[in-house]
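The structure appears below as structure tokens.
Residue numbers run from 1 in the order of the sequence given.
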Amino acid sequence: MATTNDELWHTGEEMARPSKELFDWWRPKLKALDPWREVQDDEIQQLYAEREGAVYSDLAAELGLAAERPADVKVILCGARGSGKTTELARLAHDVKQDFCVVQTDLATGLQDGANTLAVVTLLGVAALHATKVWSAPDTALVKLLEEPDNAVKRGATVLDKALGRFRDAVPSVTKLLESISSIVTLFDPTTGAGLATAAHGVATAGSAVSTASRLRLDLTRGPLEGRLPPDQHEDAQAVVEAVNGILHELELLAGRPPLLLADGLDKRLKLDEVALALDDERLLRDLQAPLVLTGPVNLRHDPRFRAVPGNLRLALLYNVPIMRRAKSPKGAGSNDAQVSPEGVEVLHDLYRRRQAGADLPEELFGDDLIELAANNCAGIMRDFLWLLHEAGKTALIRSARRVEQQDLHAAMKKRRLELEGYLDEDALTILKRVLDKGTLPGSPEADTLLFENFIACYHNGDIWFRPHELIVEFVRHKRSDG
């Protein structure tokens, strides 16, 4: 039996440092399993793991049916952090880019905590201005009509500056925002019609991305863009919306197709209160004259503003991959005991096989039993699944091995479990015990926070079913027996 890292530590034996050749061998393999790596437009068909009732398919159909009034499509895609919302947006963009000018914006990087809905609207407007700069006109007649695309950008910036200036606070210059925004905006090149002026595929200008995004965050939490907007400033906020609508109109003329705004990352706010602040004046988002899909935390499903009422932003839910399901009693009655769901595990196995094929990973790198073990313990969160594989690979590298063994995956699971357990106090454990016993979510802010931070998984197995993250189930069960 192989010696574990812990055993080496206790015996005082030193582990040999892996060779440079081994580091070089592992580097591309770990890159393929990187849980934070975003799937690019040209990879999406190869790497996208299809799940039952895929959200992107429903959204693409909704956009297609709304051809005469696409701006009516306003959706918040909700799900756990790491559940695959960003990949769903990428798949949606890939599928509709022939019919829409897709402008995808990273709110997680572009907005600082404290930013309000007006800041979100302003950010989307400046992103549309950036798209106006990049897109080329489909014919010379249209260029004349718009007096050259550069003038369209200047006009949009001037009008938006004037609207923001109504607040008479220290608002940022739109031109300055435009200089910083390219690092957080992705544009997609359709295969027909007007093309992108700069690249053949999705465009994301990097440059000094960290510093420009940092400046952008600071600028978008100034004056009226920070904190709750007073009621007497709603008319001024509406003027900003109208200015953004003017930018969207000119972008549609340039691109030859309606803009589609995708805004990712609200669920990466530090606290649920910060998400609520960014959506506090959601009617400003409703009034934008373009279809809009935002991503956000699953907790928003409780908010009555987002129920399926005409004119509202509606919710689309992306549940955790249902790796677990309720066990049935002999008489067929429901139970809160759990059993593995082969269908859910297969979705994650497919995700690994796609990464394996895309990066030409060796067949023997992971055995099927290890892939299943990682799937069973990731709470149906795709990022946690990849993280476990990635961390197990790093442990194998430290052992100077070229194959992941069970001890490597167990070490990764232990590391993640201890990380989760370290945040839990007695009150949190009481809530998790109740969730484990009943399969429901208590109606409290504390329970919502545990759901927001992925300590609780939300599965769909015919009905919605809540359960603690699989890595802490035994810990919670043990504490329950202690109590």
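Put simply, the side chain of Leu361 does not reach to within 4.5 Å of the side chain of Phe366, judged on heavy atoms. For the pair Ile431/Pro442, a side-chain contact is recorded, criterion being any heavy-atom separation below 4.5 Å from C-beta on. Counting heavy atoms from C-beta on, the side chains of Phe23 and Arg17 come closer than 4.5 Å. With a 4.5 Å cut-off on side-chain heavy atoms, Leu220 and Leu177 count as touching. At least one side-chain heavy atom of Phe100 sits under 4.5 Å from a side-chain heavy atom of Pro70. Within the 4.5 Å cutoff, the side chain of Met324 has no heavy atoms near those of the Ser341 side chain. With a 4.5 Å cut-off on side-chain heavy atoms, Phe475 and Val473 do not count as touching. Using a 4.5 Å cut-off on side-chain heavy atoms (C-beta onward), Asp267 and Val275 make no contact.
Taking the six-membered ring where tryptophan is involved, the planes of Tyr423 and Phe455 are perpendicular, since the angle between them exceeds 60° and thus also 30°.
Here the shortest heavy-atom pairing between Ile76 and Gly296 reads CG2-N, 4.2 Å. Nearest heavy atom pair, residue Phe466 against residue Cys458, reads CE2-SG, 3.6 Å. For Val321 against Gly344, the heavy-atom pair with the smallest separation is CG1-O, 3.3 Å. The two residues Val96 and Ala60 have their closest heavy-atom pair at CG1-CB, 4.0 Å. Contact detail for Leu317 and Val55: the closest heavy-atom pair is O-CG2, 3.7 Å. Counting all heavy atoms, side chain and backbone alike, Lys29 lies closest to Pro362 at CE-CD, 3.7 Å.
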Practice prompt. Decide side chain to side chain contact (heavy atoms under 4.5 Å, CB included) for Leu118 and Asp281; before the verdict, give the C-alpha distance in whole Å, the side-chain angles of both, and the deciding distance to 0.1 Å.
Written response: CA-CA 8 Å; Leu118 184 61; Asp281 290 298; over 6 Å; no
Practice prompt. Using the salt bridge (charged side-chain N to carboxylate O under 4.0 Å, His left out) rule, take Lys271 and Glu274 through it: C-alpha gap first, then chi angles, then the decisive distance, then the call.
Written response: CA-CA 5 Å; Lys271 299 178 181 177; Glu274 299 291 346; over 6 Å; no
Worksheet item: Does the salt bridge (charged side-chain N to carboxylate O under 4.0 Å, His left out) test come out yes or no for Arg286 and Glu282, once each step is laid out?
Response: CA-CA 6 Å; Arg286 291 201 312 259; Glu282 87 290 343; 2.9 Å; yes
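Here the CZ atom belonging to Arg69 is positioned 9.5 Å from the CD atom belonging to Gln289, to the nearest 0.5 angstrom. Remark: Leu388 CG to Arg416 CZ distance equals 8.0 Å, nearest 0.5 Å. Taken to the nearest 0.5 Å, the CG atom of Asp337 stands 14.0 Å off from the CZ atom of Arg325. The distance from the CG atom of Asp219 to the CZ atom of Arg217 is 11.0 Å, given to the nearest 0.5 Å. We find the CZ-CD1 distance between Arg467 and Ile456 to be 12.5 Å, quoted to the nearest 0.5 Å. The CG atom of Leu288 lies 12.5 Å from the CZ atom of Arg283; values are rounded to the nearest 0.5 Å.
Between Arg27 and Asp24 a salt bridge is recorded (basic side-chain N to carboxylate O distance below 4.0 Å). Using a 4.0 Å cut-off between charged side-chain N and carboxylate O, Glu421 and Arg417 make a salt bridge. Taking the charged nitrogens against the carboxylate oxygens, Glu391 and Lys394 do have a contact shorter than 4.0 Å, which makes a salt bridge.
Under the 3.5 Å distance criterion, with hydrogens and angles disregarded, no donor-acceptor pair is assigned to the side chains of Asn377 and His469. Side-chain contact, Thr295 with Asp264: a donor N or O sits under 3.5 Å from an acceptor N or O. Between the side chains of Glu43 and Tyr48, no donor N or O sits under 3.5 Å from an acceptor N or O. Judged purely by distance below 3.5 Å, without hydrogens or angles, the side chains of Asp287 and Gln238 pair a donor atom with an acceptor atom.
Screening Arg403, Arg399, Met413 for a side-chain contact (heavy atoms from CB on, under 4.5 Å) with Asp408, the sole residue that qualifies is Arg399. A side-chain contact (heavy atoms from CB on, under 4.5 Å) with Leu260 is found for one member of Val103, Leu63, Asp99, Leu59 and no other, namely Leu63. In summary, of the residues considered (Thr87, Leu92, Ile44, Leu318), a side-chain contact (heavy atoms from CB on, under 4.5 Å) with Tyr56 occurs for Leu92 alone.
Judged by the 6.0 Å and 45° rule, Arg383 forms a cation-pi pair with Trp36. A cation-pi arrangement is found for Arg81 relative to Phe452, the charged atom lying closer than 6.0 Å to the ring centre and inside a 45° cone about the ring normal.
Screening residues 53-68 for salt bridge (Lys or Arg N to Asp or Glu O under 4.0 Å), with sequence neighbours left out, gives Asp58-Arg314, Glu62-Arg314.
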